Amino acid sequence: MSSNKRISIIHFQPLEAYPPVMNVLQLLPAQMPDYKWQVFTSQKSIGLKLFLGDGVNLRINRLITQERSLGRLSRLLRYFTFNLSAIIKLLRFRPGQIIYFETISAFPAIFYKWLFPKTRVYIHYHEYTSQEEQVNGMVLTRLIHKSEKWLYPRAQWISHTNSRRMQLFLEDEHLVASDLSTRIMPNYPPEAWLKMRQAKTETVRPVKLVYVGSLGFNSTYIREVCEWVQRSDGRYSLDIYSYQMEEEVRRYIGEIGGQAIKLHRPINYTEIPKVLPEYDIGLILYKGHIPNYIHNAPNKLFEYHICGLSIWYPEEMEGCHSVDPTDFGPPIICVNFKKLDQMAPVMPNKKKLSVAYNNYPYTCQKSLTPIMEALIKGAL
């Protein structure tokens with residue numbers, strides 16, 4: 001087998017916390033059965049089912065186990081172990097193409113590219129990290145990022161999830177798009193979720209709100225929403241599914257909960273299209289406390305929408321402003337979460353998809369086609 005038909009994916013963070021990379025691993029190996037795939041990642045107990053993948057041509061290597069209570073020296077040892085293990089496995093597997101996600105995953109790819117210059121490297125960023133965040137972030141990440149700069153002009157692919165994040169990245173790095181192979185690769189859910197979508201002809205009180213994602217008082221409007229639901233006299237209910245929640249938030253919800261506000265176990269990614277259609281409105285609650293969230297149309301926006309929910313998002317999240325696919329389902333509404341009491345009562349009606357399934361634009365099959373074509377071309 002040609003080395004270019006051997007593809008390695010490096011994703012330091014646990015796969016289960018990042019739906020976009022799970023979509024990559026579900027789709028690309030299945031669509032490219034003549035290729036061999038190896039994944040290098042870590043494992044962490046986050047209350048979600050372990051992602052195993054489906055393909056016989058896919059092998060997932062969990063090189064370390066992440067633990068919450070490790071000290072600084074122990075964490076550095078884990079990073080060293082991960083990078084060394086990934087490099088050794090790369091040398092054994094000898095891939096011709098490597099995809100890595102985020103700077104924290106970059107070092108094995110950089111080393112391997114330096115050792116084997118013909119290796120094709122593809123870089124994708126789940127998030128945008130501002131210069132201020134880089135300066136105040138981990139020393140290790142800053143050191144890796146300095147090496148990353150050497151790789152950028154040598155990479156076959158550099159992608160962000162939207163054009164605004166890409167623009168900020170290029171400005172921060174003093175790069176010119178025409179000198180690089182830049183791409184936009186949004187984080188969309190699987191097309192199969194459309195067939196699980198249910199249309200409601202009417203909404204029965206209470207209007208059922210749902211939130212899926214991480215929660216913190218400083219980063220989200222969870223307190224404001226909970227207080228508003230409590231004041232609604234039964235007009236609204238709120239269900240929360242979160243695997244990453246500040247302990248202070250957990251105690252707060254436990255104290256004020258009841259019939260109107262319920263906290264559920266974390267929801268596995270594959271369960272989302274089975275659970276969400278039971279709700280009316282999907283909430284996005286980020287306050288935009290860092291640029292990454294300001295310039296973001298998060299995964300959950302498209303996950304809510306493909307399941308047929310109306311969506312409320314904060315006005316601070318500029319990345320959501322341009323996403324208004326009302327022709328494809330319920331509305332996506334910009335909300336001032338500081339003034340929820342001033343909103344008119346909402347009784348949303350879900351509506352059927354108004355276009356053929358294959359014309360629905362927000363699926364990972366459509367967003368991942370370009371990188372699949374690039375990998376196939378790279379193997380020729």
Side-chain angles (χ1 to χ4, degrees), residues 1-11 13 15 18-41 51-61 90 93-102 105-106 108-109 112-113 116 118-127 151-152 154-163 165-166 177 180-195 269-270 273 297 299 302-303 306 356-380:
M1 174 182 286
S2 166
S3 64
N4 285 337
K5 285 195 170 185
R6 292 194 293 270
I7 301 173
S8 291
I9 294 179
I10 308 172
H11 193 283
Q13 300 293 354
L15 304 177
Y18 291 84
V21 76
M22 288 193 285
N23 289 333
V24 167
L25 298 177
Q26 291 280 18
L27 180 66
L28 296 192
Q31 295 291 318
M32 302 166 66
D34 296 334
Y35 293 66
K36 285 189 176 180
W37 301 74
Q38 282 212 4
V39 181
F40 308 121
T41 186
F51 175 81
L52 300 176
D54 297 328
V56 295
N57 58 338
L58 170 66
R59 180 177 179 181
I60 298 175
N61 301 272
L90 285 172
F93 186 51
R94 291 298 296 272
Q97 305 194 80
I98 297 175
I99 307 170
Y100 76 79
F101 292 79
E102 299 291 348
S105 308
Y112 192 86
K113 174 71 172 178
F116 301 105
K118 291 185 179 180
T119 306
R120 298 173 63 86
V121 177
Y122 304 75
I123 306 167
H124 180 67
Y125 293 102
H126 293 302
E127 318 283 357
L151 185 58
Y152 288 148
R154 297 168 173 83
Q156 269 61 46
W157 173 290
I158 304 173
S159 57
H160 273 271
T161 60
N162 62 54
S163 56
R165 282 179 166 182
M166 177 59 77
L180 305 169
S181 297
T182 59
R183 302 286 192 281
I184 303 302
M185 192 166 76
N187 294 334
Y188 296 154
E191 186 178 272
W193 290 19
L194 282 170
K195 297 179 182 179
Y269 187 58
T270 54
N299 308 342
F302 302 102
E303 292 163 5
I306 203 170
Y357 285 151
N358 59 359
N359 289 332
Y360 186 84
Y362 303 106
T363 69
C364 66
Q365 279 77 3
K366 290 184 171 63
S367 66
L368 295 177
T369 293
I371 194 168
M372 182 172 66
E373 292 174 346
L375 290 165
I376 292 172
K377 183 178 179 181
L380 297 178

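In what follows, every heavy atom counts, from backbone to side chain, and hydrogens, waters and symmetry copies are set aside. The structure displayed is predicted, hence computed values, not measured ones.
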Relative to Tyr122, does Arg183 satisfy both conditions: NZ or CZ under 6.0 angstrom from the six-membered ring centre, and within 45 degrees of the ring's axis? no
Let me confirm one number: the [atom1]-[atom2] distance from [X] to [Y], rounded to the nearest 0.5 Å.
X: Leu25; Y: Phe51; atom1: CG; atom2: CZ; value: 5.0 Å
X: Ser367; Y: Leu27; atom1: OG; atom2: CG; value: 8.5 Å
X: Leu375; Y: Ile99; atom1: CG; atom2: CD1; value: 4.5 Å
X: Tyr360; Y: Phe302; atom1: OH; atom2: CZ; value: 8.0 Å
X: Ile9; Y: Asn61; atom1: CD1; atom2: CG; value: 11.5 Å
X: Ile60; Y: Thr41; atom1: CD1; atom2: OG1; value: 8.0 Å

Any non-hydrogen side-chain atom of [X] less than 4.5 Å from a side-chain atom of [Y]?
X: Leu90; Y: Phe40; answer: yes
X: Arg165; Y: Glu127; answer: yes
X: Tyr18; Y: His11; answer: yes
X: Pro190; Y: Asn23; answer: yes
X: Thr369; Y: Gln31; answer: no
X: Thr182; Y: Met166; answer: yes
X: Ile306; Y: Tyr362; answer: no
X: Pro189; Y: Tyr269; answer: yes

Could you walk me through whether Val21 and Gln13 pass side chain to side chain contact (heavy atoms under 4.5 Å, CB included), step by step? CA-CA 10 Å; Val21 76; Gln13 300 293 354; over 6 Å; no
Taking all atoms of both residues into account, what is the closest heavy-atom pair of [X] and [Y], and its distance?
X: Ala30; Y: Pro33; answer: O-CD, 3.7 Å
X: Ala155; Y: Ile158; answer: CB-CG1, 4.2 Å
X: Tyr188; Y: Pro361; answer: CE1-O, 3.7 Å
X: Leu58; Y: Gly53; answer: CD2-CA, 4.1 Å
X: Ser105; Y: Tyr100; answer: O-CB, 4.0 Å
X: Met32; Y: Ile7; answer: CE-CD1, 4.1 Å

Do the side chain of [X] and the main chain of [Y] share a donor and acceptor less than 3.5 angstrom apart?
X: Asn57; Y: Lys36; value: no
X: Lys118; Y: Gly96; value: no
X: Arg120; Y: Asn4; value: no
X: Asn187; Y: Pro20; value: no
X: Tyr112; Y: Pro95; value: yes
X: Gln365; Y: Glu191; value: yes

Determine, step by step, whether Glu102 and Tyr125 satisfy the side chain to side chain contact (heavy atoms under 4.5 Å, CB included) criterion, reporting the C-alpha distance in whole Å, the side-chain angles of both residues, the deciding distance to 0.1 Å, and the verdict. CA-CA 5 Å; Glu102 299 291 348; Tyr125 293 102; 3.6 Å; yes
Would one find more than 12 heavy atoms of other residues, nucleotides or ligands at under 6.0 Å from atom NZ of Lys113? yes
Does Arg154, at its CZ atom, have more than 12 non-hydrogen atoms belonging to other residues, nucleotides or ligands within less than 6.0 Å?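 Atom CZ in Arg154 is packed in, count exceeds 12.
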Check step by step if side chain to side chain contact (heavy atoms under 4.5 Å, CB included) holds for Thr161 and His126. CA-CA 7 Å; Thr161 60; His126 293 302; 5.7 Å; no
Could you walk me through whether Ser181 and Gln156 pass side chain to side chain contact (heavy atoms under 4.5 Å, CB included), step by step? CA-CA 6 Å; Ser181 297; Gln156 269 61 46; 5.6 Å; no
Report the residues that fulfil side chain to side chain donor-acceptor pair (under 3.5 Å) with Asn162, sequence neighbours left out, ordered by chain and then residue number.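 In terms of side chain to side chain donor-acceptor pair (under 3.5 Å), with neighbours along the sequence ignored, Asn162 is linked to no residue.
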